[in-house]
Amino acid sequence: MSKYDVAIIGSGPGGYVAAIRCAQLGMKTAIIEKYNTLGGTCLNVGCIPSKALLDSSHHYEDAIKHFEGHGIDIPGEVKINFKKMIERKASVVEQTTKGIDFLMNKNKIDVFTGLGSFKDATHIEITGETTQTIEAANTIIATGSKPATLPFITLDKQRVITSTEALSLTEIPKHMVVIGGGVIGLELGQVYKRLGAEVSVIEYMDRIIPTMDAAQSKELMKAMKKQGVKFFLSHKVSNVTRVSNQVTITATDKKDKEVTFTGDYCLVSVGRRAFTDGLHLENAGVKANERGQVDVNDHLQTNISNIYAIGDVVRGAMLAHKAEEEGVMAAEILAGQKPHIDYNLIPGVVYTWPEVASVGKTEEQLKESGIAYKAGQFPMRALGRSRASGDTDGFVKILSDATTDEILGAHMVGARCADLIAEMVVAMEFRASAEDIARMSHAHPTYAEAIKEAALAATADRALHI
Ligand code: FAD
Ligand code: NAD
């Protein structure tokens, strides 16, 4: 029987990063993945394929809507080759997952293909083409998550679908009804709206992306409405039925009136659930909580001292970069180091256009916890850079402590905010004040100037260009 210092179950961004870090730290490392390709949700059916389709559909939208305004005439009709678009996405995924094979090889990590399940706290059975058992002094559970659904919905995966199927459709829907106005619903809803589908988003709460700052919800909804996406907020879905190729969704609005929606596809994007099916946690004595997440302490350790868990399968934001940080942290703890993650500084991004990005506390959270703060906001439309590119939607908002001026949160909507947010993560990591940012030179003309201006507004209400 092969023996390892550490075995990692699951090869998503949590698992494969943990494996690399363990190997770097000199541990004999195994990684177990039930699918034939490594990379987990993120690389196969999550972050990477969704961004590939967002980019392709964005190019198409630019060609049909924005090129003309830039003085570019396209003779003839611009056509979508949807099959090719999906094939390109698949090839981006293939290149990316092959990159993980390379990294496993390079770091001399043993890869096992098959379902990993605990026999006891130090033995894992792997069921693939053959069945074998390995011994691991330590294990890191990184089994991720799966799409959640509602009790009355039958996901047939053809017409009533999750993000996984929405990334590999064979036709462009005529009317896609999206249940859930969160990250997946809005990113994939925007893809299909751009490609010509009618898109209706039904959201249970009174705003989209309800966990982000309310100003971001409002601004993104305004921008997406301009693009033609229809929103139905404060609607409670009560039934979903498919007859032939039509799906009918029944919901009640806030006045308790019944509303029906009919589409050819229904995307269910109401969140994801921690995934531990088949792991046989009970054989190792590992406890999960009532939400199905593996319970961990601040050191990512389960109730069984040699078993750790990271990423979507444990509490906290279901984000690839959060999983990666935890992968590094678990490996370093196993090596006797004392790493630390500041969960307040894990940024959140929605890759619609305009992009939405956040770090730290929202205005709603600061109000709720009674923290006195100053807010500085600057609109993208006031930037020369935004006018040059035509991306004038959005703003940057910086929240700083009323007494010390320390930055407590940054929330933005606009072109390239997914990249801009990194400046605010750095600033907050080093506990910068709004004035620190306001006094730093930001290249002109850039979208980043909105950050400086918002910081000036937060410092002393002295933005320069508005
Ligand atoms: P996963 O990536 O889910 O990987 C878990 C792996 O474990 C899987 O490969 C699974 O097959 C394997 N596994 C499970 N059980 C076993 C077992 N018993 N034996 C062997 N293998 C097993 N996050 C972002 O930060 N940015 C984004 O842009 C983004 N976009 C997304 C878009 C979509 C459509 C979706 C669905 C998600 C997106 N996410 C994004 C979220 C991101 O994908 C997850 O947060 C991330 O993949 C979690 O990583 P993980 O390693 O915890 O788990
Ligand atoms: P989400 O939590 O972002 O959004 C779910 C939405 O569905 C919420 O707005 C919620 O209020 C709504 N909802 C819940 N029940 C409902 C009901 N019965 N009727 C109508 N609406 C209902 O979840 P998601 O969009 O499914 O994404 C899952 C996870 O994947 C997220 O946690 C996210 O972190 C991750 N993800 C991240 C990215 C990114 O980082 N860009 C992209 C995609 C997914």
Side-chain angles (χ1 to χ4, degrees), residues 8-18 31-35 37-51 53-54 112-118 124-128 141-153 162-164 166-167 178-189 201-212 217 232-238 249 251 267-281 309-314 316-324 326-327 346-352 355-357 418:
I8 293 144
I9 311 180
S11 72
Y16 85 75
V17 168
I31 190 162
I32 305 159
E33 170 56 55
K34 66 176 177 168
Y35 291 126
T37 53
L38 302 179
T41 304
C42 176
L43 273 62
N44 290 281
V45 290
C47 325
I48 301 302
S50 60
K51 267 79 259 180
L53 290 184
L54 276 159
F112 292 89
T113 306
L115 183 79
S117 64
F118 286 106
I124 301 163
E125 185 173 84
I126 303 159
T127 317
I141 302 171
T143 49
S145 64
K146 289 278 173 204
T149 182
L150 300 170
F152 49 83
I153 294 180
T162 70
S163 54
T164 303
L167 292 165
V178 177
I179 306 179
V183 206
I184 291 181
L186 299 179
E187 288 184 358
L188 294 178
V201 176
I202 310 174
E203 168 57 50
Y204 178 74
M205 304 292 279
D206 60 0
R207 61 185 177 98
I208 58 169
I209 42 169
T211 54
M212 298 185 96
S217 305
F232 301 87
L233 304 180
S234 305
H235 275 61
K236 187 174 180 215
V237 176
S238 52
I249 295 97
L267 169 64
V268 181
S269 49
V270 294
R272 292 177 64 85
R273 63 171 180 89
F275 182 77
T276 55
D277 299 5
L279 251 188
H280 289 302
L281 289 175
I310 59 170
D312 280 12
V313 78
V314 302
M318 288 184 164
L319 295 174
H321 43 286
K322 178 258 192 187
E324 290 188 34
E326 290 185 337
I346 304 272
V349 174
V350 188
Y351 294 83
T352 45
E355 292 179 334
V356 183

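We count ligands from 1, going down the list as the structure has it; atoms in each ligand are counted the same way. Sequence positions, counted from 1, serve as the residue numbers for this chain. Since the model is a prediction, treat every value here as computed from it, not as a measurement.
Residue Ala323 places no N or O, backbone or side chain, under 3.5 Å from any N or O of ligand 1. Considering backbone and side-chain atoms alike, Leu319 places every N or O at 3.5 Å or more from each N or O of ligand 2. For the pair Tyr204 and ligand 2, the shortest N or O to N or O distance falls below 3.5 Å. Of the N or O atoms in Glu203, one or more lie within a sub-3.5 Å distance of an N or O in ligand 2. Taking distance alone, with nitrogen or oxygen atoms compared against 3.5 Å, Ile179 stays at or beyond that limit from ligand 2. Looking at ligand 1, you'll find an N or O of Met318 within less than 3.5 Å of one of its N or O atoms. Between Arg272 and ligand 2, no pair of N/O atoms sits closer than 3.5 Å. Remark: ligand 2 and Val349 share an N or O pair separated by less than 3.5 Å (distance only, no angle test). At least one N or O atom of Gly271, backbone or side chain, sits closer than 3.5 Å to an N or O atom of ligand 2.
Val349 does not count as a contact of ligand 1, since none of its heavy atoms falls under 4.0 Å from the ligand. Using a 4.0 Å cutoff on heavy atoms, Lys322 does not count as a contact of ligand 1. Residue contact annotation: Ile32 has a non-hydrogen atom under 4.0 Å from ligand 1. Heavy atoms of Ala317 stay at 4.0 angstrom or farther from ligand 2. The closest approach between Gly114 and ligand 1 falls below 4.0 Å for a heavy atom of the residue.
Those atoms of ligand 2 that come under 4.0 Å of a heavy atom in Met205, given as number and element, are 11 (O). Annotation for ligand 1: atoms under 4.0 Å from non-hydrogen atoms of Tyr351 are 28 (O). Against a heavy-atom cut-off of under 4.0 Å, Arg272 is close to the following atoms of ligand 1: 36 (C). Under a 4.0 Å criterion applied to the non-hydrogen atoms of Leu319, ligand 1 contributes the atoms 23 (N), 25 (O), 45 (O). Listed by number with element, the atoms of ligand 2 under 4.0 Å from a non-hydrogen atom of Tyr351 are 41 (N).
The protein heavy-atom contact nearest to atom 5 (C) of ligand 2 is Ser269 O, 3.5 Å. For atom 18 (N) of ligand 2, the nearest protein heavy atom (residue, atom name, distance) is Leu150 CD1, 3.4 Å. When hydrogens are left out, the protein atom nearest atom 42 (C) of ligand 2 is Val183 CG1, 3.2 Å; that is the closest non-hydrogen contact. Distance from atom 35 (C) of ligand 2 to its nearest protein heavy atom, with residue and atom name: Met318 O, 3.3 Å. Shortest contact from atom 20 (C) of ligand 1 to any protein heavy atom: Lys34 N, 3.3 Å. When hydrogens are left out, the protein atom nearest atom 14 (C) of ligand 2 is Val270 CB, 3.8 Å; that is the closest non-hydrogen contact.
The CG atom of Leu279 lies 5.0 Å from the OG1 atom of Thr143; values are rounded to the nearest 0.5 Å. Of the inter-residue distances, the one linking Glu324 atom CD with Ile310 atom CD1 reads 10.0 Å to the nearest 0.5 angstrom. With rounding to the nearest 0.5 angstrom, the CD1 atom of Ile8 is 5.5 Å from the CD1 atom of Ile31. In this structure, OH on Tyr204 lies 5.5 Å from NZ on Lys236, to the nearest 0.5 angstrom. Note that CD of Glu203 and CD1 of Ile208 are 8.5 Å apart. Values are rounded to the nearest 0.5 Å.
The nearest non-hydrogen atom to atom 9 (O) of ligand 1, considering only Glu33, His321, His280, comes from Glu33. Relative to atom 46 (C) of ligand 1, the option among Gly12, Pro13, Gly15 with the closest non-hydrogen atom is Pro13. With Gly182, Ala251, Gly180, Gly348 as candidates, the residue nearest to atom 1 (P) of ligand 2 on a non-hydrogen basis is Gly182. In this structure, of Gly40, Ser11, Ala142, the residue bringing a heavy atom nearest to atom 5 (C) of ligand 1 is Ala142. Nearest residue to atom 43 (C) of ligand 2 from Ile184, Val356, Thr149, Ile249 is Ile184 (criterion: closest heavy atom).
If you look at Ser163 next to ligand 1, the close heavy atoms, those under 4.0 Å, all belong to the side chain. Neither the backbone nor the side chain of Pro49 has a heavy atom within less than 4.0 Å of ligand 1. Neither the backbone nor the side chain of Asn44 comes within contact range of ligand 1; no heavy atom lies under 4.0 Å. Contacts of Lys236 with ligand 2, taken as heavy-atom pairs under 4.0 Å, are absent altogether.
At least one donor-acceptor pair under 3.5 Å links the side chain of Glu187 to the backbone N or O of Tyr351. Not a single donor-acceptor pair under 3.5 Å links the side chain of Arg207 to the backbone N or O of Ser217. Side chain of Lys34 to main chain of Thr113: no donor-acceptor pair is present (N/O by atom type, distance under 3.5 Å, no hydrogens or angles).
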